[in-house]
Amino acid sequence: MSDIRVRIAPSPTGPLHVGTARTALFNALYARHTGGTFFLRLEDTDVARSTLAFETDILTGLHWLGISWDEGPDTADGADRGPYGPYRQMQRLELYKSAVEDLLARDLAYLCFCTAAELDADRKAQEAARLPPRYVGRCGLLTADERASRSAAAGSAAIRFRVRPGIVAFEDAVRGPVEFDTSNLGGDFVIVRGDGTPLYHFTVVVDDAAMKVSHVIRGEDHLSNTPKHILLFRALGHPVPTFAHLPLILNPDRTKMSKRKSQTAISDYIAEGFIREAIVNYLALLGWSTGTEEEILSFEEIAARFDLDHVQKGGAVFDRERLEWLNGQWIRRLADEDLVTRLLPFLEADHVAGRIDRTPTAEEIRILLPMIRERLPILGAVGDLIGFLWIDRLTVDPATIVPKRWDIATTRDGLHAARAVIAETGAVSFEADELEPPLRALAEARGWKAGDLFMAIRVAVTGRTATPPLFDTLVALGRDRALQRLDAAIDALASASG
RNA sequence: GCCCCCAUCGUCUAGAGGCCUAGGACGCCACCCUUUCAAGGUGGAGAUCAGGGGUUCGAAUCCCCUUGGGGGCACCA
């Protein structure tokens with residue numbers, strides 16, 4: 001195992017986001033490719049917004065995608081694995097505390113007594129003067145004595161890290177050399193809240209250092225935060241890891257992908273019937289490419305090819321159409337039993353929702369696979385496709401039964417004749433190959449276009465104009481039910497025509 | 001406002017000075033196949049490589065400027 005250590009550090013303040021999943025994926029791929037270690041750390045210091053439900057959603061979502069970590073908590077309430085635990089920041093408070101004390105002792109950080117009102121006033125003044133917002137440094141100038149007395153009086157104070165003048169430069173693994181003047185960092189920044197809980201910029205550095213992270217692979221939205229982190233790594237006396245900032249995933253209007261404008265929760269995609277292979281494949285190709293024309297690739301195949309050199313610099317619009325296409329490609333590649341297992345929950349959900357009257361058995365679905373496999377862009381489409389098979393009383397609008405070129409009388413006539421032909425076919429030989437010839441012969445004998453006759457039968461028996469091949473559908477339905485639905489349709493047409 | 005990043009078909013991208021009159025994929029259109037819908041096959045439209053200057057015998061590829069877009073500037077992460 002190499003010394004490469006990467007991580008995903010989600011914050012349980014929302015459901016698993018497409019962007020988080022992509023970042024996790026890239027880290028996991030990088031670790032797999034280099035023989036390094038990939039771990040997960042929960043950044044739960046925003047106690048007000050963090051919840052166990054979100055934690056569960058994130059962990060199960062990542063597991064579901066097949067992204068697994070070598071160290072960290074596997075479940076929301078489970079124990080951590082790995083030598084650098086705990087892997088939850090709220091359980092690492094002591095570590096941050098001693099790191100802060102160290103900084104305080106060396107005057108690299110200081111107590112800040114500014115109130116929210118003061119800070120707000122500063123900010124407004126800066127805004128009015130058209131100056132960039134920054135902390136004015138008021139408390140940084142306090143003498144030790146002043147600080148001691150204010151501290152005694154105030155009771156609680158935030159802690160700020162001193163930002164000294166200078167240039168911070170680093171080599172980003174995807175962007176190349178990047179440079180920041182520390183005077184543009186917004187002044188001394190808060191690392192510990194007034195209530196004593198540490199803030200992101202601080203904990204992320206303390207932990208990445210303690211957990212020996214070698215490569216920080218994260219979204220580009222953190223690029224501007226990187227100099228702060230580097231300053232902290234240095235102040236704490238730790239080596240600075242390599243940074244790799246991934247391009248952002250975008251809304252169609254090219255702004256950062258957001259809940260407002262896009263579907264961002266992985267769980268929503270799962271609920272629709274996107275499968276992990278497709279999501280992983282799609283996400284990997286969003287901002288990265290093999291450099292070749294290969295595009296349908298499994299996690300393993302991607303891991304074997306993955307590198308940071310082919311990571312794109314510009315943001316990428318999330319294209320659902322392309323995801324659906326890939327999903328269809330992967331559905332076609334699944335083994336029969338696997339597809340059945342994945343389809344079942346969607347049919348169960350349709351049953352529960354009352355869209356169908358019973359949940360079919362695995363065996364029933366397995367038999368239908370050849371006729372539905374290539375017609376499913378997402379698993380959730382299965383009910384729409386063949387749900388009519390498990391509906392007890394199908395109600396069909398008579399108007400839809402009549403083919404475009406036909407009138408009601410012809411349709412009744414056609415269905416009646418077709419019924420007779422189908423009825424002649426015994427239960428034993430009720431197969432697609434047995435049904436097609438006589439029905440075609442019927443159409444020819446009566447001078448009908450076979451397509452029109454078939455369409456009338458199709459709608460009569462399924463209630464829809466787009467279905468799997470008709471004869472397979474009739475067989476799936478069974479002779480009795482097919483005849484019964486034909487009768488019902490004929491009746492419906494009779495009353496429709498008066 | 002300040003700082004930083006980015007810029008090839010509508011979208012995802014290939015491209016690391018000549019192989020590019022820019023390739024692939026999604027989507028779109030047409031045709032073939034065909035009982036509908038898909039799938040599949042074939043073909044097509046679609047990018048003067050954001051614009052302008054350089055460098056070079058030669059630039060999508062290197063440099064500069066402009067324009068455009070995005071991200072960040074919290075006691076959120």
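Below, read A as the first sequence line, B as the second, and so on, with proteins coming before strands; counting in each chain starts at 1. The structure displayed is predicted, hence computed values, not measured ones.
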query: Looking for any heavy atom pair under 4.0 Å, which part of the strands does G219(A) touch: base, sugar-phosphate only, or nothing?
result: nothing
Pairwise P distance for G15(B) and C20(B), with rounding to whole Å: 15 Å
task: Output the residues of residues 307-319 of chain A in contact with RNA chain B, where contact means a heavy atom of the residue under 4.0 Å from an atom of the strand; sort by number or write none.
output: H310(A), Q312(A), K313(A), G314(A), G315(A), A316(A), V317(A), D319(A)
- request: Could you pull out all residues at least two apart from F54(A) that satisfy ring-ring contact (aromatic ring centres under 6.0 Å, His included)?
  value: none
query: Which one is paired to U36(B), where only Watson-Crick or G-U wobble pairs with both distances under 3.5 angstrom count?
result: none
- request: Under 4.0 Å between any heavy atoms, over every strand shown, what does L131(A) touch: base, sugar-phosphate, or nothing? Just pick one.
  value: nothing
- prompt: Contact class for L119(A) (heavy atom, under 4.0 Å): base, sugar-phosphate, or nothing?
  reply: base
Contact interval (first through last nucleotide) of RNA chain B with protein chain A, 4.0 Å heavy-atom: G1(B) to A77(B)
- prompt: Reckon S289(A) touches a base, only the sugar-phosphate, or nothing at all at heavy-atom distances under 4.0 Å?
  reply: sugar-phosphate
- prompt: Which residue, T462(A), L394(A), L368(A), I365(A), forms the side-chain contact (heavy atoms from CB on, under 4.5 Å) with L389(A)?
  reply: L368(A)
message: Please give the distance between the C1' atoms of A47(B) and U11(B) as a whole number of Å.
response: 13 Å
- prompt: Do any N or O atoms from the side chain of Q126(A) and from the backbone of R134(A) form a donor-acceptor pair under 3.5 angstrom?
  reply: yes
task: Have a look at N225(A) and say if it touches a base, only the backbone sugar-phosphate, or nothing, with a 4.0 Å heavy-atom cut-off.
output: base
field: Watson-Crick/G-U partner (both atom distances under 3.5 Å) of C73(B)
entry: G1(B)
query: Across the strands shown, which category fits P469(A) at heavy-atom distances under 4.0 angstrom: base, sugar-phosphate, nothing?
result: base
field: Euclidean distance for C1', G58(B) against U67(B) (whole angstrom)
entry: 27 Å
